[in-house]
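Worksheet: one structure, shown below.
Numbers restart at 1 for each chain; the letters A, B, ... are given by sequence-line order, proteins then strands.
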Amino acid sequence: MKRIALTLAALTVLLAAAPAHAGDAMSASIRNCTWCHGTSAQGYTVAPRLAGQQARYLETQLYGFATHRRDNPASKQYMWNATAALKDSTIRDLADYFAALPPRPANDGHRDLAGRGQAIYSQGIPEANVAACLACHGPNAQGIRDIPRLGGLSYSYLKQRLEQWNQGYHGAVPSPMPVVARSLSADEVEALASYLSFVR
Amino acid sequence: MTIFGLKAMLRTAMTATVLGAAWPAAADDLHAKLEYCLTCHGTAGQGYRAYYTMPRLAGQQPKYIENQLRAFVERRRTNPIMANVAHGLSPSMFGALAEHFHALTPPPLGGAPRGQLGLGKHIFDEGLPESNVPACAACHGADAHGQDEIPRLAGQLHDYLTSKLANWTRERGQDRARPDISAIMVPTTHNLTHEQIAAVAAYVSTLK
């Protein structure tokens, strides 16, 4: 009886200690992200906003970095190392954490291009075989599951990502984006990136 | 080799040369347009779940596809995205695209709940006489492959079918002055409960 009680007591101590320990590890992981992505995860220079991003998309991207499938230069330089030691459970927790933070729009595109960008976003360019972005990313560019939220990301990040689909880099998972982006002109990319940077 | 055989070969070779000259531009156009369609409808036309659920086009009846494209253009079928898409197509492209989609044979995309497949099969095969719901198989065929203007349902995405059946009179036959064949489905869509719609949609989505 005494031994059982002792074991129970020991277990209780262990169990009580475990969540606190996990919490510390979690906040350390979050801090590792926010060094670059900003303390409220709104993005900073080349690091995109994570706040409000679709959780499933964040998870897919983290695995894409860890397995080196997503291979654009910034991913290689920063994210391959940053994700090398992440456990599955940490990836899931980080994705849920950042998805739940309220996003703020970057508002840093060219205002005069936003109208053209909105037209391409919602109607596509049928005569040039450009599909409407809205069909997959939603009417408010909010994304769904592993399709990312685009609304309010920074102009420079959006522009670069659209350009990179044409430069032979790979995404974390197969997607129609290389086909879509191939038919976009440089002006159309700027218009889309401008429009999306203002979407809240 | 008979003289007729040689003549036939020569004629084939000449036809091939003539077509070879005219074909590349048209084939490029068609190829680019197909790729454009499959951006949203899945690389093999199997359908795709994004913000909106894009229906399977693979194996679909060409006549049905052409009719729907025309209905989008003429605003008899409500769909802002497809109205734009169809407006950008030449009428000759309708038929060429429809034939290509018909020839695609990917397996069903799947993803339907499996709990009510028995009820779905019952509705599909026998209908619900007590609710004035005819057997789907009577028109769509026992294999659900459809015929001419009657669409294939086999392998269609269950969530797409559920949403179409639930919103039938809000999306189809929108030009009162020009009623179309979609009117046939109106009573049935009203006589099915939501649970019955979900069951039959799940069932046909599993068919090959």
Side-chain angles (χ1 to χ4, degrees), chain A residues 52-57 60 99 116-153 162 165-166 170-185 188-189 192 196 199, chain B residues 25-58 68-70 72-73 75 77-94 96-97 100-101 106 109-111 157 159-160 163:
Chain A
Q53 189 50 278
Q54 295 292 338
R56 277 269 312 276
Y57 171 78
T60 310
R116 171 81 180 125
Q118 180 168 26
I120 299 171
Y121 183 86
S122 52
Q123 291 152 38
I125 314 171
E127 62 279 15
N129 298 321
V130 175
C133 316
L134 166 147
C136 291
H137 291 275
N140 203 33
Q142 62 271 62
I144 187 167
R145 299 185 296 270
D146 57 359
I147 295 173
R149 176 189 289 272
L150 304 177
L153 292 175
L162 279 167
W165 292 117
N166 270 328
H170 302 88
V173 287
S175 91
M177 281 311 297
V179 175
V180 178
R182 200 171 56 208
S183 311
L184 289 170
S185 71
E188 288 157 0
V189 165
L192 273 172
L196 287 167
V199 174
Chain B
D28 279 358
D29 284 357
L30 178 60
H31 180 77
K33 199 54 87 176
L34 269 171
E35 216 173 30
Y36 164 65
C37 300
L38 299 181
T39 311
C40 288
H41 289 274
T43 45
Q46 74 276 31
Y48 183 54
R49 292 188 174 95
Y51 191 85
Y52 299 105
T53 299
M54 326 287 179
R56 175 189 176 100
L57 301 178
Q68 296 312 301
L69 288 171
R70 219 163 283 126
F72 291 130
V73 174
R75 310 278 167 165
R77 178 169 171 185
T78 307
N79 185 316
I81 293 175
M82 283 307 299
N84 274 316
V85 169
H87 255 297
L89 297 176
S90 67
S92 67
M93 194 64 90
F94 281 22
L97 289 172
H100 264 83
F101 296 138
L109 187 61
L157 277 56
D159 31 354
Y160 168 79
S163 131

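Test Cys133(A), Pro139(A), Cys136(A) against Tyr51(B) for side chain to side chain contact (heavy atoms under 4.5 Å, CB included) and you get one pass: Pro139(A).
Contact between Ala131(A) and Thr39(B) at its shortest, heavy atoms only, is CB-CG2, 4.2 Å. Residues Arg49(B) and Arg145(A) approach most closely at O-NH2, 3.2 Å, considering heavy atoms. Scanning all heavy atoms of the two residues, the minimum distance from Tyr48(B) to Pro176(A) falls at OH-CD, 4.1 Å.
Considering only heavy-atom pairs separated by less than 4.5 Å from chain B, the leading option among Ala132(A), Ala135(A), Gly138(A) is Ala135(A).
The side-chain contact (heavy atoms from CB on, under 4.5 Å) check on Pro178(A) picks up Trp165(A), Ser175(A), with sequence neighbours excluded.
Sorted by first then second residue, the side-chain hydrogen bond (donor to acceptor under 3.5 Å, both in side chains) pairs that include residues 121-137 of chain A, not counting sequence neighbours, are Asn129(A)-Lys33(B).
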